[in-house]
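Given the structure is predicted, the values throughout are model-derived calculations rather than measurements. All heavy atoms count here, side chains included; hydrogens, waters and symmetry mates do not.
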Amino acid sequence: MQFEAPNPEVVALVAALNPAQKEAVTAPPEHRLVLAGAGSGKTRVLTHRIAWLIAVENVSPHSILAVTFTNKAASEMRGRIESLINVPVRTMWVGTFHGIAHRMLRLHWKEARLPQNFQILDADDQQRLVKRVLRSLDLPDDKWPPKMVTGYINGQKEEGRRPEAMQDQGDYAQRQLARVYSAYQQQCEANGLVDFAELLLRAHELCRDNAQIQAHYRNRFRHILVDEFQDTNTLQYAWLRVLAGDRGVLFAVGDDDQSIYSWRGAKVEHMMRLGHDFTGLEVIRLEQNYRSTGTILKAANGLISRNNGRLGKNLWTEDGEGEPIQLYAAFNEYDEAEFVVNKMKSHLDGRCRYVDLAILYRSNAQSRVLEESLIRNRIPYRIYGGLRFFERMEVKDALAYLRLTTSRDDDNSFERAVNTPARGIGATTLERLRALAREQGTSLWKVAQGAGAALGRSHGNLKQFLDLIDGLARDIQDEPLSKMMETAIERSGLREHYKKEKGEQAESRLENLDELINAARGFERPAEDEGIAPLDSFLAHAALESGERQAGEGEDCVQLMTLHSAKGLEFPIVFLVGMENGLFPHQRAVEEGSLEEERRLCYVGITRARKQLYLSYAEVRRVHGVEQIGSPSMFVREIPPEYIVETRPRAGILRPTFSQPSRSYGSGGGYSPGSNYPSRGGYDRAPSRTATSAATANDVPGGYKLGARVRHAKFGEGTILTFDGDGDRMRVEVRFREAGTKWLMLAQAKLEAL
DNA sequence: GCAGTCGTCATTTTT
DNA sequence: TGACGACTGC
């Protein structure tokens, strides 16, 4: 680019960029695909690109659309752009796919054939609705699992297929599914409800079919920037194409090696197709990594090179090699957790804080054992995942009342609110209402209004409920949002209801209700929501941004999460646990033939680590209550061995044999360390190589085996980890479930074999 | 309407 | 093994 006008702002904009980043940021206004490796400054390029367009290319922020997948990414992007340049960027559209789609639908609700106050269904709401539709069609839950049916509906929508466009073909099951889809969609339309996939589908159809709107947005959005492009699904991609038309300039950033959501409809192939659909597209690779040590990067490169059909990328760093990756073979999951905790302690002795430590695992079930160890050792931790604020029962209950005040035909909210708290409107009454509503093709609310004597005794109760909602709507309409919330919570009787509930959960429920009032008070209606009632804006916000994963963010504690939720994050020290065939790669994935995606998941995990990476696996693990023998993950073998060091804090321990019948999972076979491994006896195909003593490696002289489960009168149940000494002085180290790890004199401990 | 009981199920989850 | 949902009996 020409720098004839050395605007200091512009100079500063590119000064700190590396050549590849600079190329991307200063590229002429043409299509670009930026292949941004992990830790290569992806967000930086994206934000600087936008700043460049505005400050140098004189593009109006008004002409820019920047799309992300998460709210977090969107708000981070906006924040960083604003701090980069001193130009108001309020007119720029930055948001998630769903957020942007929602915004369009609010603006063009008429053209989209939606009621003005349409409500958004979150995943849970959608599931409930599907259940009701299944019931109304007399399809039993067990034959038609709601989860699967919901998945089917979302899949259809993601492929852009409407029920009416589906030909009557296929077998019985297919026809039934199509029937459910159709009925579900009808229900949504009648109730003014829009699920997540529908937001995208409607917005796509709106932009595709309405010439005026299409022209408007094509004319407006000259620059479309997309983050995490490898995660786009069919619909999102189609929408981007429609919006871009033949004049919009696309700037896509992504990493095919980090595509881990194909099971949710994401298609990496879009990255490969981009060159066909956007002529003149050039690819820029960001391969210099600013996050991890050379060792970690080489390990990641080595692993991912096993995948086929990659766009190709090799991460490198100017920094040093750093520490080798440590691999620990644990006896079982308890030993593995103990290893993690002990290593953590050794790091915490130095200048490392809790937040610098993360434990990553393939599936949520693995967290429990780790938690127990952390609690025992008084290490504060935080688990990502679980319910988010706006997904909590009590919060959804309260919101249902408010949704009813603004949208009476919202059956989902009606069903939720009508008998919570209990007001004598039971299943029978509801069933009658549903039947009537079905017959008349209208909402529960309307049916309830006219139901009258047909309902017998509950008529009065129902009437009271209707009056409650009407009265609530009337009395809060001019109030500020927080007052609305407060009034709804009080008058609905929800607070009383949850006050009566016992247990420690009850208290947190009440706190959450208060927190909801706070959230309403602190809610600032986004500028673009002008013209939308504050309540509708808030309700949409609640559905689209389900809130924090768990309280206590920013506190100094160890982070636990699945590999999927770790994407996009980084930690100085990472423990990647459960590296066993069957668990990771997961058996299901292997069966479904998605091994490459599992490998990418492993790649994501490895590249989260900045300074130090630990891998561990358990030789025996309890899975669904059954002890299973595991073999080290094939991915461990696929990391070039020169970067791995096996750690054994105790010398002379060998692999135990297990006499109890166990079914083996995974088919990866044994683990044969490459020649570069530091040798460690007894850890190969021969399961019972002799150790240093005369006894076999696996037997603790005295009748126990390493890894055996024992009970101690005082400490309870535990697992034998190791032993030393012999004869009368022989000691065993036992990891007790509750009491921690202890050395015991075998002669005195009176252990009982289990 | 609720508590207790039984049976079933067990990757991953940005919106 | 353990969590959750559906069912049953008062």
S.K.: Which nucleotide wins on minimum distance to the side chain of A:Arg362, given the candidates B:dT13, B:dT15, B:dT11?
M.R.: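 Shortest atom-to-atom distance from the side chain points to B:dT11.
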S.K.: From CD1 of A:Ile260 over to P of B:dT13, roughly how many Å is that when rounded to an integer?
M.R.: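 That distance rounds to 9 Å.
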S.K.: Please tell me if A:Arg388 has a side-chain N or O lying less than 4.0 Å from either OP1 or OP2 of B:dT13.
M.R.: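 For A:Arg388, the contact criterion (side-chain N or O under 4.0 Å from OP1 or OP2 of B:dT13) is not met.
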S.K.: Map A:His98 and A:Ala427 onto DNA chain B by nearest heavy atom, then report which one ends up closer to the 5' terminus.
M.R.: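 Counting from the 5' end, the first nearest nucleotide belongs to A:Ala427.
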S.K.: Of A:Arg423 and A:Tyr261, whose nearest nucleotide on DNA chain B comes first from the 5' end?
M.R.: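 Nearer the 5' end of the strand: A:Arg423.
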S.K.: Tell me whether the side-chain N/O atoms of A:Ser565 come closer than 4.0 Å to OP1 or OP2 in B:dT13.
M.R.: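 The answer is yes; a side-chain N or O of A:Ser565 sits under 4.0 Å from OP1 or OP2.
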S.K.: Could you state the OH-P distance from A:Tyr361 to B:dA10, rounded to the nearest angstrom?
M.R.: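 Atom OH in A:Tyr361 sits about 20 Å away from atom P in B:dA10.
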S.K.: Looking across every strand, which nucleic acid part, if any, lies under 4.0 Å from A:Phe97 by heavy atom: base, sugar-phosphate, or nothing?
M.R.: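 Answer is nothing: A:Phe97 stays at 4.0 Å or more from every strand.
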S.K.: Please report the distance, rounded to the nearest Å, between CG in A:Leu601 and P in B:dT12.
M.R.: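 Result: 11 Å.
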S.K.: Give one of base, sugar-phosphate or nothing for A:Ala589, where a contact means two heavy atoms less than 4.0 Å apart.
M.R.: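 Here A:Ala589 touches the bases of the nucleic acid.
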S.K.: Does A:His586 contact B:dT11 through a side-chain donor or acceptor facing the base, at a distance under 3.5 Å?
M.R.: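 There is none.
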S.K.: Of the nucleotides B:dT15, B:dT12, B:dT11, which one has an atom closest to the side chain of A:Phe196?
M.R.: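 Ranking B:dT15, B:dT12, B:dT11 by closest atom to the A:Phe196 side chain puts B:dT15 first.
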S.K.: NA contact type, A:Arg622, heavy-atom cut-off 4.0 Å: base, sugar-phosphate, or nothing?
M.R.: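 Sugar-phosphate contact only.
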S.K.: Indicate whether A:Trp263 forms a stack on B:dT12; treat it as stacked only if centroid distance is below 5.5 angstrom and interplanar angle below 30 degrees.
M.R.: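 Answer is yes, a stack.
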S.K.: B:dT12, C:dT1, C:dA6: which one has an atom nearest the side-chain heavy atoms of A:Asp141?
M.R.: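 Within the option list, the nearest is C:dA6.
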S.K.: I need the NE2-P distance between A:His541 and B:dT15, as an integer number of Å.
M.R.: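 Value for this atom pair: 12 Å.
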S.K.: For B:dT15, does either OP1 or OP2 sit under 4.0 Å from a side-chain N or O belonging to A:Thr70?
M.R.: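 It does not, given that no N or O in the side chain of A:Thr70 lies less than 4.0 Å from OP1 or OP2 of B:dT15.
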S.K.: Answer yes or no: is there a side-chain heavy-atom contact under 4.5 Å between A:Phe229 and A:Tyr237?
M.R.: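 Of all side-chain heavy-atom pairs linking A:Tyr237 with A:Phe229, at least one is under 4.5 Å.
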S.K.: Starting at CD of A:Gln366 and ending at P of B:dT11, how long is that distance when rounded to a whole Å?
M.R.: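 Rounded to the whole Å, the gap is 11 Å.
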S.K.: From the set B:dT12, B:dT11, C:dA6, return the single nucleotide nearest to any side-chain atom of A:Arg588.
M.R.: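 The closest nucleotide is B:dT11.
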S.K.: Below 4.5 Å, heavy atoms only, C-beta onward: do A:Lys42 and A:Val34 meet side chain to side chain?
M.R.: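 No. Closest side-chain heavy atoms not under 4.5 Å.
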S.K.: Compare the minimum distances between each of B:dG1, B:dT11, B:dT13 and the side chain of A:Thr562, then state the nucleotide with the smallest one.
M.R.: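 Comparing B:dG1, B:dT11, B:dT13 against the side chain of A:Thr562, the answer is B:dT13.
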S.K.: Of all the choices, B:dT11, B:dT15, C:dA6, which nucleotide is nearest to the side chain of A:Thr96 once you look at every atom?
M.R.: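 Out of B:dT11, B:dT15, C:dA6, the nucleotide with an atom closest to A:Thr96's side chain is B:dT15.
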S.K.: Taking atom types as they are modelled, would you say the side chain of A:Arg264 forms a donor-acceptor pair with the base of B:dT15 within the 3.5 Å cutoff?
M.R.: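 When only heavy-atom distances are counted, A:Arg264 does reach the base of B:dT15 through a donor-acceptor pair under 3.5 Å.
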S.K.: Name the nucleic acid region contacted by A:Glu591, choosing base, sugar-phosphate or nothing; use a 4.0 angstrom heavy-atom cut-off, strictly under.
M.R.: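 Nothing: the residue A:Glu591, judged by heavy atoms under 4.0 Å, touches no strand.
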S.K.: Measure CD1/A:Ile383 against P/B:dT12 and give the value in whole Å, please.
M.R.: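 That distance rounds to 13 Å.
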S.K.: Tell me whether the guanidinium CZ or amine NZ of A:Arg382 lies under 6.0 angstrom from the six-membered ring centre of A:Tyr384 and within 45° of its axis.
M.R.: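 Verdict for A:Tyr384: a cation-pi partner in A:Arg382.
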S.K.: Would you say a side-chain N or O of A:Asn71 is under 4.0 Å from OP1 or OP2 of B:dT15?
M.R.: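 Checking A:Asn71 against B:dT15: at least one side-chain N or O falls below 4.0 Å of OP1 or OP2.
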S.K.: Whole-Å distance between B:dT13 P and A:Glu597 CD?
M.R.: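 Going from CD in A:Glu597 over to P in B:dT13 covers 13 Å.
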S.K.: Using ring centroids (six-membered ring only for Trp), state whether A:His564 and A:Tyr261 fall under 6.0 Å.
M.R.: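 Ring-ring flag for A:Tyr261/A:His564: true, centres closer than 6.0 Å.
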S.K.: Run the ring-centre check on A:Tyr184 versus A:Tyr152 and record whether the distance is less than 6.0 Å.
M.R.: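 Not under 6.0 Å, so no.
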S.K.: Given B:dT13, B:dT11, C:dA3, which nucleotide is nearest the side-chain atoms of A:Glu598?
M.R.: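 Nearest nucleotide to the side chain: B:dT11.
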S.K.: Could you tell me whether A:Glu524 atom CD has more than 12 heavy atoms of other residues or ligands within 6.0 Å of it?
M.R.: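 Not more than 12 within 6.0 Å, no.
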S.K.: Using atom P in both nucleotides, what's the gap between C:dG5 and B:dT12 to the nearest angstrom?
M.R.: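 That atom pair is separated by 15 Å.
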S.K.: Quote, to the nearest angstrom, the C1' distance that separates C:dA6 from B:dT11.
M.R.: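 To the nearest whole Å, 24 Å.
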S.K.: At 4.0 Å (heavy atoms only), tell me whether A:Gln126 reaches a base, stays on the sugar-phosphate, or touches nothing.
M.R.: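 Contact class for A:Gln126: none.
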S.K.: Should the pair A:Arg106 and A:Phe118 be classed as cation-pi, given the thresholds of under 6.0 Å to the six-membered ring centre and 45° from the axis?
M.R.: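 Yes; both conditions hold, so A:Arg106 lies above the ring face of A:Phe118.
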S.K.: Check whether any side-chain nitrogen or oxygen of A:Asn364 sits under 4.0 Å from OP1 or OP2 of B:dA10, and answer yes or no.
M.R.: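 For B:dA10, OP1/OP2 do not have a side-chain N/O of A:Asn364 under 4.0 Å.
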S.K.: Starting at atom CG of A:Leu583, determine the distance to atom P of B:dA10, rounded to an integer number of angstrom.
M.R.: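 It is 16 Å, rounded to the nearest whole Å.
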